[in-house]
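The sequence lines fix the lettering, A, B, ..., with proteins before strands; numbering per chain opens at 1. The figures that follow rest on heavy atoms only: side chains count, while hydrogens, waters and symmetry mates do not.
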Amino acid sequence: MRFIRSAWLLTLAVGSAAITLGSLAYFGTDLPEFVIEKLPLPWEHVWLGALKLHVVAAALALPGCLVLVSQTALKRLPAFHRWAGRATAVVVLLALVPSGSYLALFAKGGLPSTVGFLVSGAIAAIAMVQAVREARARHFAAHRRFALHVLAQLSVAVTSRAMLFVFDAIAFEDEPAYLVSLWLPVAASALAVELISWRNHAHLSRSSRLSARLRAASI
Amino acid sequence: MPTCLALLVFLLASAPRASENPEVLVQKKLLKPLAAREAMRSGYSRARPPAVERRLRVLDAAAIADGHGGAFVGFAVDARYGRGAGRWQESVITGCVYAGSGEVYVRYGDAFRQAGVLLGKVTPPAADHICRAVSAAAVERYQGSARPSLSGEPALPER
């Protein structure tokens with residue numbers, strides 16, 4: 001299980017780096033393909049500004065979340081974990097989700113695609129607020145569950161691009177491929193976090209029941 | 001004198017050749033640079049995957065006159081996506097070529113723009129007469145020494 005977790009986090013780190021590298025084109029003089037196929041749009045400069053903000057925020061937020069789930073960093077540098085958490089929360093809530101929500105209004109695939117991106121953004125924003133609240137209340141199990149939801153929704157950027165790559169290889173229709181590559185990771189990520197949290201909760205309950213029985217037996 | 005000759009040769013070589021073949025122009029100014037650009041880009045992106053192959057169709061057998069006396073022919077580009085046999089999509093790019101001036105325009109949104117727009121260059125919409133056939137009524141007015149209408153009829157299908 002630990003190996004799967006490490007492999008998954010490494011995949012996300014590599015994917016995040018690849019996205020960041022590919023996004024450098026947004027700051028060059030020539031427009032990249034993603035922008036060419038989107039334009040012309042109403043209020044083009046607003047859309048381009050939102051895209052650049054989203055790209056920078058994503059380049060910080062996903063690696064930030066990956067650092068935050070590190071058990072080693074949490075145990076050895078708890079103060080760093082707290083400050084990195086605050087910084088990531090600010091980036092997600094004030095830059096990533098607002099800019100992404102605006103970009104979602106013009107998403108390829110029309111309304112289903114717009115709704116998909118907005119749902120993902122809403123899950124990430126609500127989960128981030130809850131994660132901060134639970135951390136402040138020192139409810140660490142709940143904090144972990146909500147923080148994992150944020151990471152899971154941010155990981156959609158990596159998984160959906162990987163799915164698009166595969167769909168292109170098998171010559172799947174462009175627009176359905178885009179929708180499936182969005183909705184499937186959004187729903188599957190949220191479900192996976194709930195399953196992990198439920199499993200951890202069940203495991204903890206079993207452990208605490210067992211230790212209570214052992215304590216009772218020793219008395 | 002040799003300097004003047006060299007300059008003349010340079011100017012002749014660099015000037016657009018009059019009435020170059022429209023297909024050659026579209027290949028040279030749009031499709032080859034587009035393929036070269038796409039070969040460099042990463043497939044790990046939300047952008048539409050690059051086409052594996054493109055085929056050019058020239059839509060008009062003879063040049064069409066626009067409202068300003070220019071002559072153009074329309075073209076459409078079909079593209080194949082995906083590995084293996086993939087799937088063809090028709091008219092993913094449409095536009096027109098002015099063989100006389102060597103200019104290539106593509107439909108981008110509601111307007112036509114120079115082909116560079118698909119190569120990432122910031123390009124303003126072309127003038128209204130570009131790629132639009134002058135109407136018969138406008139020709140008659142023009143022949144009767146009136147200025148032809150700028151709002152011609154679009155000669156190309158929507159993208």
Using atom types as modelled and distance alone, determine if a side-chain donor or acceptor of A/E37 lies under 3.5 Å from a backbone N or O of B/R48. yes
CG-CZ distance between A/L164 and B/R46, expressed to the nearest 0.5 angstrom: 7.0 Å
Other residues, nucleotides and ligands only: do more than 12 of their heavy atoms fall within 6.0 Å of CZ on A/R133? no
Which atoms of B/R80 approach chain A - backbone, side chain, both or neither, heavy atom under 4.5 Å: neither
Are the side chains of A/D30 and B/L119 in contact, using a 4.5 Å heavy-atom criterion? no
Under 3.5 Å donor-acceptor, B/Y108 side chain and A/L39 backbone: yes
So with a 6.0 Å cut-off around CZ of A/F140, is the heavy-atom count from everything else above 12? yes
Which atoms of A/V158 are under 4.5 Å from chain B, going by heavy atoms: the side chain, the backbone, both sets, or neither? both
Between chain A and each of B/S45, B/G120, B/G116, count heavy-atom pairs under 4.5 Å; write down the option with the most. B/G120
Find the distance between CG (B/L118) and CD1 (A/I36) and round it off to the nearest 0.5 Å. 6.5 Å
Would you say A/F27 has more than 12 foreign heavy atoms packed within less than 6.0 Å of its CZ? yes
Given a strict heavy-atom distance threshold of 4.5 Å, which part of B/V52 is in contact with chain A: side chain, backbone, both, or neither? neither
Do you know which of B/R87, B/R113, B/E38, B/K121 has the most heavy-atom pairs under 4.5 Å to chain A? B/R87
Which atoms of A/T29 are under 4.5 Å from chain B, going by heavy atoms: the side chain, the backbone, both sets, or neither? backbone
At a 4.5 Å cut-off on heavy atoms, which part of A/A177 comes close to chain B: side chain, backbone, both, or neither? neither
For A/F167, is it the side chain, the backbone, both or neither that has a heavy atom under 4.5 Å from a heavy atom of chain B? neither
Quick check on A/K108 against chain B: is it the side chain, the backbone, both or neither that has a heavy atom closer than 4.5 Å? side chain
Rounded to the nearest 0.5 Å, how far apart are OH of B/Y44 and CD1 of A/I19? 4.5 Å
